[in-house]
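First comes the structure, then the notes that go with it.
Below, read A as the first sequence line, B as the second, and so on, with proteins coming before strands; counting in each chain starts at 1. Model, not experiment: these values are computed from the prediction.
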Amino acid sequence: MNMLEIEKKWQKYWAENKINEYDENDTRKKFYCLEMFSYPSAAKLHVGHWYNYGPTDSYARYKKMKGFAVFQPMGFDAFGLPAENFAIKTGVHPQDSTVKNIETMEVQLQNIGAMFDWSKEIKTCMPDYYKWTQWLFLKLYENGLAYRKEAPVNWCSSCNTVLANEQVVDGKCERCGTEVFKKDLTQWFFKITEYSEELLQKLDELDWPEKTKHMQRNWIGKSTGAEVEFETESGDKFKVFTTRCDTLFGVSFVVLAPEHPLVKKLVTDDCKEKVFKYIEETAKASEIDRLSSTREKTGEFIGAYAINPINGKKVPIFAADYVLYSYGTGAVMGVAAHDERDYDFCLKYGLNVLQVINNKEGNATLPYCEDGYLQNSGEFDGLYGEDARNAIINKLKELGKGDFKVNYRLRDWLVSRQRYWGAPIPVIHCEHCGVVPVPYDQLPVELPYDVEFRPDGKSPLAKHEGFMHTTCPKCGKPALRDPDTLDTFVCSSWYYLRYPDAHNADAPFDPEIINKMLPVDKYVGGPEHACMHLLYARFITKALRDMGYLKFDEPFKSLTHQGIILGPDGNRMSKSRGNVISPDTYVSVSGSDVFRLYLMFGFNYTEGGPWNDDGIKSITKFLDRIEKLCENACATQPIKGEITTDEKELNFVLHSTIKSVDSDMDNFSFNTAIARLMELVNALKKYETLEKGNTETFYNAVTTLIKLLAPCAPHFSEELWERLGNKQSIFLSDYPVFDEKALVRDEVEYGVQINSKLRHKIVLSNSLTQKEIEEIVLKDSKVQELLQGKAPKKVIVILKRLVNIIA
RNA sequence: GCCGCUGUGACGAAAUUGGCAGACGUAGCAGACUCAAAAUCUGCCGUUGGUGACAACAUGCCGGUUCGAGUCCGGCCAGCGGCACCA
C-alpha cells in the first residue's frame with residue numbers, strides 16, 4: 001500500500017466530510033480531549049510534539065468510536081522569550097518568525113492526520129486572542145486578585161537589562177558574563193494564594209497521576225503553626241512564623257531575611273558595613289542555593305536584640321540568607337537545640353544552646369527535632385508535642401503576642417515581564433489618578449510592531465513613544481501605558497476556555513457553551529508542567545467561577561503525562577548535542593501511521609525513553625500482514641461453517657483481544673494494545689494455514705481487527721475499511737464489543753509448586769472447585785513422586801493459576 | 001540541597017496489582033523458498049552446568065514480612081524531571 005498517497009486521500013476526505021469537527025448538534029455525550037498546545041519556538045515539530053499528539057489522537061479516536069462526541073482542538077502558545085531571543089540574535093522580528101513557524105507547524109500537524117478541529121484554532125499572539133488575556137487581567141484586577149508590589153529581578157548591569165532565570169548561568173549573564181544581581185522593581189502579581197486551601201483540597205477529587213498531585217501539594221506547602229510577635233529594644237515589632245511553638249522557650253536568636261526592611265532600620269552603626277555587604281552578597285545568590293541544606297549557613301549579627309514574648313529573654317537578631325523574605329513573615333526564630341539548621345548556626349556563631357524538649361527517657365541527644373516533653377519552659381514543663389504547642393499559642397493569644405496561623409509555601413504569581421513579545425499589560429499610569437485600568441471597550445491594547453527589541457536598558461515597549469503616550473481614561477490628561485507584558489503562562493492559563501467558542505468577538509467565551517463543554521475530560525501533556533501551568537490554570541478557573549462566569553471548579557478532570565523521548569544517546573534532544581530526531585524524515589518515508597504506531601508500540605507512554613529506530617520495520621511488516629489478511633478476507637464470500645475447536649480458539653483470541661485492547665486504550669497503555677493486536681494477527685495467520693471452510697469466522701475476525709486498529713493507524717484502517725466494501729468512515733462505526741462466553745476456556749494449565757518451587761504443570765478443567773483441584777493434584781503420579789511420600793501440611797489453590805503444596 | 005519518579009534478557013518492553021518472570025517486538029542463530037540477494041515463512045533464543053530428563057542462579061545493591069515478592073516494608077547506590085522570568 002502506498003501510505004503517503006492514502007494519507008493524503010483520507011486527510012482530504014475527513015476535512016471535506018467534517019469528520020474531525022465537533023458538531024454542536026450532536027446529542028451524544030461530549031468528550032473534550034485536550035493536548036497541551038504547541039510552542040512555536042523552533043521552526044519544526046519535534047518528536048516530543050508528535051509523541052504527545054499522535055497517541056493522544058488515537059485515544060480521542062477510540063473515544064469517538066466508543067460513542068462520544070469528541071472535541072479535540074489545537075492551537076499555538078505563541079508569545080515568549082525564545083522568539084525574542086531569536087530576534088535579538090538574527091534581527092528577524094518575533095512576529096515574523098512566529099507566524100512563519102506556525103505556518104510550517106500547521107502543515108506538519110495536519111500530516112499527523114489527527115482529528116483536530118481546525119475550525120477552532122487559536123494563536124495567543126493574535127489580537128483577537130490577547131484582547132481576552134487582557135480582559136482576564138482587568139477582571140482579576142477588578143476583583144482584587146491583581147496587585148502591584150516590589151519584587152526582585154535578575155539584573156545584568158552591563159547589558160542593562162532584566163534576565164530570565166534561564167539566562168543566568170552560574171550567577172552570570174549568559175550573554176556577557178557579568179555577575180548578575182537582584183534588583184527591586186514594582187511588578188504585577190496575581191493573588192493565587194487567595195486560593196491556596198481550595199487548590200490543595202480539590203486535588204483529592206481529580207483523576208490525575210498521584211505523583212503530580214503530590215508535587216502540587218508540596219508546592220502549595222501547607223504548614224500549620226503560629227505567628228509569634230517579637231519586639232526590639234527600639235520598640236519595633238516583627239512576627240516570626242513557626243511550626244514548633246513548643247520550643248519557644250529555647251530561642252537562642254532570631255533571623256530576618258536580608259531583604260527584610262527592618263534589617264536596614266535596626267542595624268547598629270558598628271555592624272552597618274558588614275551587614276550591608278552581606279545584603280549585597282545575598283542579592284547575587286539564587287534561591288536554590290540559598291535553600292540548599294548542605295551549603296554552609298551564613299549570617300551577620302545586626303547589632304540589635306529582640307525580646308522573646310514568652311519569657312522576656314533578650315536574643316540577638318541576625319540577617320541570614322537561608323531565610324527568604326517571600327516565605328512566611330520573612331523572619332524565623334532560631335532554636336539551636338531542636339533544629340539542625342539552627343544548631344549549626346549557633347555552633348558557628350558561638351550562641352547559647354538551651355534544651356527545652358526531651359524524650360521519654362530524658363536522654364535526648366541534640367539537636368533533637370522530634371516531638372517530646374517540655375522542660376525549662378516554666379508553667380508548660382511536662383507537656384507533650386501538640387498539647388504543648390496549643391498551650392503556648394493560647395498563652396501568646398492572651399498576651400496579644402501571637403496566634404494560630406496556617407502558612408503556605410505557595411507565593412503569589414508574578415506576571416510582569418520586562419519584554420516585548422507578550423500581551424501588553426492593560427493599565428495606564430496617570431500622574432493624577434495613579435493606576436487606571438484600560439476601559440474594556442478600548443481592548444486590545446495592541447502590541448506595536450515597530451519596536452527596538454535589542455536590550456539596551458529599557459523594556460522594548462518603554463522606548464516606543466507612540467505606544468507609551470496616551471491619555472488617562474479617567475481625567476483625560478496625558479498619561480503613560482504600562483511598559484511590561486504578561487507572563488506567557490497567563491496566556492496558557494485560560495486557552496482551554498477559549499477553544500469551544502474560539503471566534504467569539506464580543507466575549508472571551510459564551511458561558512453557556514463553556515459550561516456545557518467543560519471541564520476538559522482528558523488533558524495530556526508533559527510532566528514538567530506539574531506545578532506551574534497546571535496550578536495557574538486551576539487558579540484562573542476558580543477565580544472566573546467566583547466572578548460568576550463558570551459553573552465548574554476544576555478545568556481538567558483527568559490528566560495524563562506523556563514520557564519524554566530522549567535522543568539515541570539517552571540525553572535530552574538538543575541542537576547543541578546534535579542528537580535531535582526529526583519526525584519528518586520518518587513520516588515522509590514510511591508514512592505517519594507507521595511513525596505513530598512505532599511511537600505507540602516502542603515505549604511505555606508515560607515513561608518515554610531513548611529513541612531507537614531499529615524496530616520501525618516491524619511496524620511496516622505488521623501492517624503488510626494485516627493488508628494481506630484483509631485481501632484474503634475480501635477474496636471469498638463469508639460462508640458460515642462448522643464451529644470446531646479451531647474456530648473456538650480463534651474466537652477466544654479475538655474476544656480477549658477486544659477486551660484488552662479496549663481497556664488498554666482507555667488507560668493509555670498503547671504498547672500492550674498493539675502487542676495484543678499483533679497476537680491476533682498471529683492467530684489469524686495460523687488459522688489461515690488450516691484452510692478451513694468457515695470463512696465467516698475469519699472474515700468477522702479480520703473486520704474486528706481493523707476496527708480495533710483504526711484509532712492507532714487511522715489512514716491505513718480507513719483504506720482497508722473501504723476495500724472491505726464500506727461506504728462510511730470507519731470512525732463513524734461502532735467499537736467492537738467482546739462476548740463473555742467466548743472468553744471461557746474449557747481447560748486451564750495449573751503450575752504445581754512444592755514448597756513454593758515450581759515443579760510440575762497440570763491441565764485441568766475450568767469448572768473444578770478448589771477442593772476438587774486439590775484432590776486431583778495430590779493424586780497425580782508425578783506429584784506423588786515429587787513428594788516422596790511426605791504428607792502435605794498445607795495446600796494453597798489459586799484458581800486458574802497455581803497450586804502450592806507445603807510438605 | 002529540597003520535592004517527585006525510574007531501575008527487569010544483547011535491546012524496546014510485558015507481568016491480571018502478592019500467584020508459573022520475560023507476553024509482543026527488535027537483534028542474533030538454524031532451516032525452507034531462491035542461481036543469488038532482498039522479501040516472506042518455520043524453529044531456537046535470561047545465565048550457568050548437563051547429551052538429556054533436569055538442576056542451580058536471576059527483576060540495581062543489602063536486609064525484612066509472606067506458603068509465595070519485579071510487586072509490600074526498611075536502608076543504600078545510580079539515572080531522570082521540577083524548583084516559581086524556558087514553556
Side-chain angles (χ1 to χ4, degrees), chain A residues 36-39 41 77 79-82 85 151 153-154 162-168 187 209-212 214-219 221 286-295 326 409-419 487-489 491-492 526-533 535-536 561 563-564 566 570-572 598 601-604 606-619 621-622 624-625 628 660 663 669 671-672 674-679 682 685 689 749-753 755-761 793-796 798-806:
Chain A
M36 288 179 183
F37 58 175
S38 320
Y39 181 74
S41 72
D77 188 14
F79 275 136
L81 186 66
N85 281 342
V153 292
N154 299 312
V162 175
L163 299 177
N165 284 345
E166 189 191 49
Q167 298 171 303
V168 181
Q187 308 188 71
E210 270 316 311
K211 62 170 180 179
T212 306
H214 206 93
M215 279 164 81
Q216 285 212 353
R217 282 191 194 104
N218 285 324
W219 187 267
S286 78
E287 225 165 75
I288 292 176
D289 286 343
R290 283 176 65 171
L291 287 172
S292 167
S293 53
T294 46
R295 182 167 168 262
S326 54
R409 205 179 68 99
L410 184 66
R411 307 205 291 252
D412 277 336
W413 174 14
L414 197 171
V415 295
S416 298
R417 296 292 182 271
Q418 294 70 45
R419 301 190 197 289
D487 178 8
T488 51
F489 274 125
C491 308
S492 60
E528 66 275 17
H529 292 288
C531 292
M532 306 175 67
H533 162 62
L535 202 60
Y536 295 150
H561 294 305
I564 298 166
L566 305 167
N571 289 307
R572 208 172 240 278
Y598 186 61
F601 180 61
F603 305 87
N604 170 314
T606 56
E607 281 171 19
W611 175 258
N612 177 340
D613 55 19
D614 281 353
I616 205 155
K617 293 197 291 231
S618 72
I619 299 295
K621 194 164 123 185
F622 169 59
D624 282 347
R625 299 174 100 200
K628 200 54 86 36
S660 29
S663 72
S669 181
N671 52 349
T672 52
I674 292 165
R676 295 288 92 84
L677 292 175
M678 286 173 170
E679 282 173 319
N682 291 341
K685 280 268 166 195
T689 61
E749 189 186 56
Y750 279 82
V752 179
Q753 297 182 329
N755 290 331
S756 309
K757 290 231 168 200
L758 186 71
R759 292 295 180 215
H760 185 43
K761 287 183 182 181
K793 289 193 200 105
K794 193 176 172 188
V795 180
I796 295 150
I798 308 293
L799 282 178
K800 294 179 193 182
R801 299 261 121 210
L802 57 76
V803 179
N804 190 3
I805 302 164
I806 311 301

Exercise. Does a side chain donor of either A:Arg625 or A:Asn682 reach within less than 3.5 Å of an acceptor in the other side chain?
Worked result: yes
Practice task
May I ask you to check whether A:Asn154 and A:Asn165 show a side-chain donor-acceptor distance below 3.5 Å?
Solution key: yes
Please give, in whole Å, the distance from [N] [atom2] to [X] [atom1]?
| X | N | atom1 | atom2 | result |
| --- | --- | --- | --- | --- |
| A:Phe601 | B:A13 | CZ | P | 11 Å |
| A:Ile616 | B:C11 | CD1 | C1' | 16 Å |
| A:Lys761 | B:A53 | NZ | P | 14 Å |
| A:Asn612 | B:A10 | CG | P | 16 Å |
| A:His529 | B:G4 | NE2 | C1' | 16 Å |
| A:Phe622 | B:U26 | CZ | P | 11 Å |
| A:Ile674 | B:U26 | CD1 | P | 14 Å |
| A:Asn671 | B:C11 | CG | C1' | 15 Å |

Under 4.0 Å from OP1 or OP2 of [N]: is there any side-chain N or O of [X] that close?
| X | N | answer |
| --- | --- | --- |
| A:Lys617 | B:A27 | yes |
| A:Arg217 | B:G4 | no |
| A:Asn804 | B:G19 | no |
| A:Asn682 | B:G25 | yes |
| A:Arg409 | B:C3 | no |
| A:Thr672 | B:A14 | no |
| A:Lys621 | B:C24 | no |
| A:Arg417 | B:C85 | yes |
| A:Arg290 | B:G1 | no |

The glycosidic conformation of B:U8, counting syn as within 90° of 0 and anti otherwise, is anti
The glycosidic conformation of B:G9, counting syn as within 90° of 0 and anti otherwise, is syn
All heavy atoms of A:Tyr598 vs all of A:Asp614, minimum pair found to be OH-N, 4.2 Å
Contact class for [X] vs. all strands (heavy atom < 4.0 Å): base, sugar-phosphate, or nothing?
| X | result |
| --- | --- |
| A:Gln167 | nothing |
| A:Ile806 | sugar-phosphate |
| A:Met215 | base |

Worksheet entry | Distance, C1' atom - from B:A53 to B:A58, rounded to whole angstrom | 22 Å
If we take the P atom in both B:A15 and B:G28, what is their distance in whole Å? 27 Å
When you measure only distances, ignoring hydrogens and angles, does the side chain of A:Glu528 come within 3.5 Å of the base of B:C83 through a donor and an acceptor? no
Quiz item: A:Gln418 side-chain donor-acceptor pair to B:C85 base, under 3.5 Å
yes
